[in-house]
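Chain naming here is simple, since letters A, B, ... match the order of the sequence lines and numbering starts at 1 in each.
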Amino acid sequence: MASAAAVTLRRVLLASAALRLGLVVFGEWQDAHLEVRYTDVDYLVFSDAAASVAAGGSPFARATYRYSPLLAYLLLPNSLLHAAWGKLLFSASDLLVGLFIDTILKLRGVPEKMRMWSVIAWLFNPFTFTIGTRGNCEPIVCAVMLWTLICLMKGRVMQAAFWYGLIVHFRIYPIIYAIPFVIVLGKSYAGVSGRPTLTIWRSEQHLQNGKGSQREGPTSFLATLWDFLSNFITRKAILFGLLSGSMFFAWTGVFFYLYGWDFLNEALLYHLTRTDPRHNFSIYFYHIYLHHQQGFSSIQRLASFLPQLIVQLALITRFSSDLPFCMFLQTVAFVAFNKVMTAQYFVWFFCLLPLILPWSSMKLKWKGLACMLVWMGTQLHWLIWAYLLEFKGRNVFVQLWVAGLVFLAANTFVMLMVIKHHKYTPLFLSSVKPGSKVATKKE
Amino acid sequence: MAVAGRPCLLAVALAAAWISAASSSPDQVADCLLGSASFNHCTAQAGTSQKSINCMPCSRTYVGDAYLNALTDHHAHHRDLSEMSDSTELCKGITDDVEVPALSELRRQLVGEGSHRRLVYSLKFGACQDAMVNFLDGHDAHLVIVEKLPNGVFADPFELQHFVERKVFLDVAVFGDTNLELPSALSNRSAVEIHFDLKPSTSINFDIVIDLPLHARYPVRSYKLPWIFNNLVIDSGEVMVQPLDASGYAAIEFDSPDLFLRYRKKEIQSDSCLWVLKNLEAAPVEKAAWRIPCGDEAHIGFVSSITFLSALVCSMSIVLATLIF
């Protein structure tokens with residue numbers, strides 16, 4: 001049975017690897033022979049930055065390089081070996097994400113068949129395999145985030161802190177998970193043995209019978225707030241915060257020493273203050289375009305930040321104990337309410353979606369399909385207006401902006417559906433009550 | 001060759017008076033100092049032939065950087081191409097007895113739709129084929145096009161470098177504002193210089209077609225101004241004419257490009273390597289016009305309020321869902 005499961009996962013990974021290798025090869029051919037490139041323009045930026053480093057210079061000599069120098073270092077073989085090295089690295093990270101999804105679900109006792117579907121939902125998602133093969137670095141971020149989660153699940157708090165600090169330096173957005181991490185590392189994190197006790201997956205039928213279930217509802221706001229405040233004094237939470245914070249500042253300090261304000265402005269401050277007046281999926285783009293000449297008032301800045309803050313706090317206070325679910329919702333909300341939204345950001349929550357599928361009562365037919373169609377349909381609607389604006393030169397700013405509003409509504413709809421159909425299950429058991437029939441998995 | 005003296009001297013005098021005014025543009029200065037804008041007038045005129053030729057050391061790669069200050073600082077003293085060469089003394093003896101091909105036809109079109117278009121140049125040289133081949137056999141010759149881009153349009157230097165890698169162009173450079181992400185209101189002008197290698201195999205009858213990909217920035221959004229300011233946009237303290245029609249488009253026009261023939265003898269002595277730069281004195285081309293959609297000031301109120309309201313409604317829906325479900 002175990003070998004059959006391994007073969008199945010192996011086959012899925014091999015097929016995914018072959019697909020990605022084929023796309024990388026095709027991409028090289030297309031770039032060389034066709035006017036429209038397969039490769040993402042960002043990949044050219046990374047490669048140029050890596051070439052600059054290889055020549056002894058700064059990666060920020062390349063205009064629009066707005067990433068950690070670590071990425072340029074990772075892509076040094078682009079100059080030394082082959083230009084496709086980076087794409088292969090990102091595609092390998094893709095496969096690693098698939099492996100980590102299987103690992104996480106296996107740790108939680110999810111049956112093999114369900115695990116395979118979850119892994120396939122990532123590996124054969126058109127967004128994900130094109131992102132990596134076109135040369136986008138997001139798969140690396142996804143892989144490190146899932147590895148951080150695995151470390152937490154296995155009780156390796158210091159290791160989790162190391163990788164978390166590193167990935168926040170690499171790509172700032174994972175900072176949104178800091179509070180949920182601190183909450184789960186609270187008093188209820190470690191079991192009697194000092195290691196965390198994971199809740200395992202239970203079949204839907206058993207849960208509907210409601211027998212012996214220790215399934216808890218989402219915690220109340222006050223209870224969560226108390227947990228959060230009292231959790232700061234736990235040893236593991238403090239160590240996690242200190243080490244991950246030190247990692248972030250250490251890497252930032254090293255590169256500031258090496259590259260000065262170029263690094264700070266381009267790799268860090270740019271992302272914190274970015275307002276892009278050019279059209280993108282965000283509902284704010286037209287507002288930013290109309291205002292960018294005279295700047296923004298404090299009230300406008302606050303008004304655009306407030307919905308994001310409200311949603312993040314609400315999700316954290318209600319769902320933080322169900323860590324993968326909380327991370328997924330937080331990421332969807334972060335992307336949807338952000339001032340800039342591009343398609344590559346979708347990968348941030350696509351890697352977390354497989355982790356919550358086994359706990360969703362939403363069937364593919366027809367609610368699941370409805371969510372997919374609504375989300376993709378509204379995206380397509382936006383793309384049509386964007387095409388008319390950018391490639392046909394028609395003044396459709398208002399229509400495009402409205403399409404952005406509709407897409408936000410679709411994201412909200414999907415979030416509501418996911419919340420409604422999710423079986424809230426804390427990742428870690430706080431304690432095991434006598435006579436309980438709930439199976440637990442100890443690490 | 002001596003016939004042109006009086007008309008062109010008058011033109012130079014007029015130009016000098018005009019230069020002292022604040023609104024002179026670099027291309028007119030360059031045209032007039034190097035020769036009249038009309039090739040029909042000057043190529044047959046002996047007095048201008050020396051003016052249309054300059055020399056520069058081989059170590060100097062580009063011509064277009066002479067435009068940089070003029071493009072980015074409107075109040076700076078306008079540099080012209082004659083400043084880029086040390087003196088006409090350098091050209092002494094180099095240009096004697098050299099039959100340099102002249103341009104017989106130049107057309108330029110803006111093709112494509114939307115925010116990404118191409119300037120397509122079609123050129124023909126007037127020299128007979130044998131003369132052209134003889135010239136190219138004895139000289140390394142490059143066609144140099146300097147296109148001064150209007151505000152609101154930019155060329156992507158990395159995209160153009162791709163053309164060099166594919167050997168479509170010999171070399172290319174972008175001067176001025178190369179920040180691709182800025183909208184028009186926050187950007188400055190730029191110029192593109194293309195070097196195209198002329199070889200006997202370039203094309204039959206030396207008909208050359210060159211594509212320059214260009215991209216539009218987000219234009220300044222339309223303003224509501226009193227009628228006397230109709231069709232004027234205030235930008236960076238300078239009044240710019242930016243015609244706006246009722247349907248919400250900004251109209252951008254391209255000036256005529258500058259075309260040069262850069263050549264040197266194939267047997268180069270390293271200590272005296274010089275490029276000869278001959279202004280091809282192309283006739284002004286029909287102005288290319290690009291209509292770019294722009295945002296409307298009238299939308300500010302309802303766009304901002306509905307945007308914030310929508311974000312608030314969606315966020316509160318999610319908060320409600322976390323409480324209910």
Side-chain angles (χ1 to χ4, degrees), chain A residues 32 37 41 44-45 48 63-64 218 221 276-279 283-284 286-287 289-293 300 303-304 306-311 313-315 317-319 329 333 336-337 387-398 401-402 404-405 408-409 411-413 415-416 419-422 424, chain B residues 112-117 156-159 161-162 166 178-186 213 215-218 220-221 223 235 247-249 290-325:
Chain A
R37 284 175 168 266
V41 67
L44 304 177
V45 174
D48 289 346
T64 72
F221 172 74
D276 198 338
R278 294 171 298 172
H279 56 281
I283 59 171
Y284 294 104
Y286 195 27
H287 161 78
Y289 170 35
L290 293 174
H291 281 90
H292 76 269
Q293 287 161 241
Q300 286 174 333
S304 57
L306 211 55
Q308 177 78 269
L309 183 66
I310 290 170
V311 170
L313 286 177
L315 294 172
T317 54
R318 296 298 283 171
F319 300 123
L329 289 177
F337 288 94
Y387 172 79
L388 289 174
L389 173 67
E390 185 170 344
F391 295 99
K392 292 297 178 184
R394 287 176 50 183
N395 190 328
V396 292
F397 279 106
V398 173
W401 164 70
V402 171
L405 295 177
L408 175 66
N411 277 290
T412 305
F413 169 74
M415 283 185 71
L416 298 186
I419 291 171
K420 185 183 176 190
H421 292 92
H422 180 76
Y424 176 85
Chain B
E113 291 180 289
S115 303
H116 313 285
R117 303 196 187 187
D156 184 346
F158 303 104
E159 180 184 23
Q161 204 52 44
H162 189 52
R166 284 168 51 206
T178 56
N179 189 326
L180 314 179
E181 299 171 335
L182 289 177
S184 289
L186 303 175
H215 313 276
R217 299 184 186 276
Y218 266 36
V220 174
R221 63 167 167 77
Y223 284 87
D235 181 21
S247 56
Y249 291 83
W290 192 339
R291 288 176 78 236
I292 303 171
C294 62
D296 192 345
E297 186 197 34
H299 296 162
I300 285 182
F302 77 83
V303 165
S304 298
S305 52
I306 294 177
T307 298
F308 292 133
L309 198 63
S310 303
L312 202 61
V313 166
C314 289
S315 64
M316 294 318 295
S317 304
I318 294 167
V319 172
L320 212 61
T322 63
L323 294 171
I324 294 172
F325 296 128

Okay, A:L405 and chain B: the region with an atom under 4.5 Å from a heavy atom over there is side chain
Sequence neighbours excluded, the answer for ring-ring contact (aromatic ring centres under 6.0 Å, His included) partners of A:Y286 is A:F397, B:H299
Under 4.5 Å to a heavy atom of chain B? For A:L329 that would be neither
The interface call for A:H421 against chain B, heavy-atom contacts under 4.5 Å, is neither
So, the part of B:H215 with a heavy atom under 4.5 Å from chain A: the answer is neither
So CG of A:L416 and CG of B:L320: to nearest 0.5 Å the spacing works out to 9.0 Å
If one checks every heavy atom of A:V398 against chain B at 4.5 Å, the contacting part turns out to be side chain
- Between B:F308 and A:H287, ring centroids under 6.0 Å: yes
Minimal heavy-atom distance between A:L290 and B:D296, with the atoms involved, is CD2-O, 3.5 Å
dist A:L315:CG -> B:S315:OG (nearest 0.5 Å) comes out at 10.5 Å
#### Entry: Test item: B:Y218 side-chain N/O and A:Y289 main-chain N/O as donor-acceptor pair under 3.5 Å
no
**Request:** Keeping the roles fixed (side chain from B:Y249, backbone from A:N395), state whether a donor-acceptor pair exists under 3.5 Å.
**Result:** yes
Full working for side-chain contact (heavy atoms from CB on, under 4.5 Å) between A:V41 and B:F158: CA-CA 10 Å; A:V41 67; B:F158 303 104; over 6 Å; no
When the 4.5 angstrom heavy-atom criterion is applied to A:R394 and chain B, the contacting part is both
Ranking B:P157, B:S304, B:A311, B:S310 by heavy-atom pairs under 4.5 Å to chain A gives rank one to B:A311
Checked A:F413, A:Y284, A:F391 vs chain B; the most non-hydrogen pairs under 4.5 Å come from A:F391
When the 4.5 angstrom heavy-atom criterion is applied to A:F337 and chain B, the contacting part is side chain
Turns out that what part of B:F302 lies under 4.5 Å from chain A's heavy atoms comes down to both
Rounded to the nearest 0.5 Å, the CD atom of B:Q161 sits from the CG atom of A:D48 at a distance of 9.5 Å
Taken to the nearest 0.5 Å, the spacing of A:T412 OG1 from B:I318 CD1 works out to 4.5 Å
Of B:V319, B:V313, B:I292, the largest count of non-hydrogen pairs under 4.5 angstrom with chain A goes to B:V319
When rounded to the nearest 0.5 Å, the distance separating CD of B:E297 from NE2 of A:H291 is 10.0 Å
To the nearest 0.5 Å, atom OG of B:S115 lies from atom CG of A:L389 at 5.5 Å
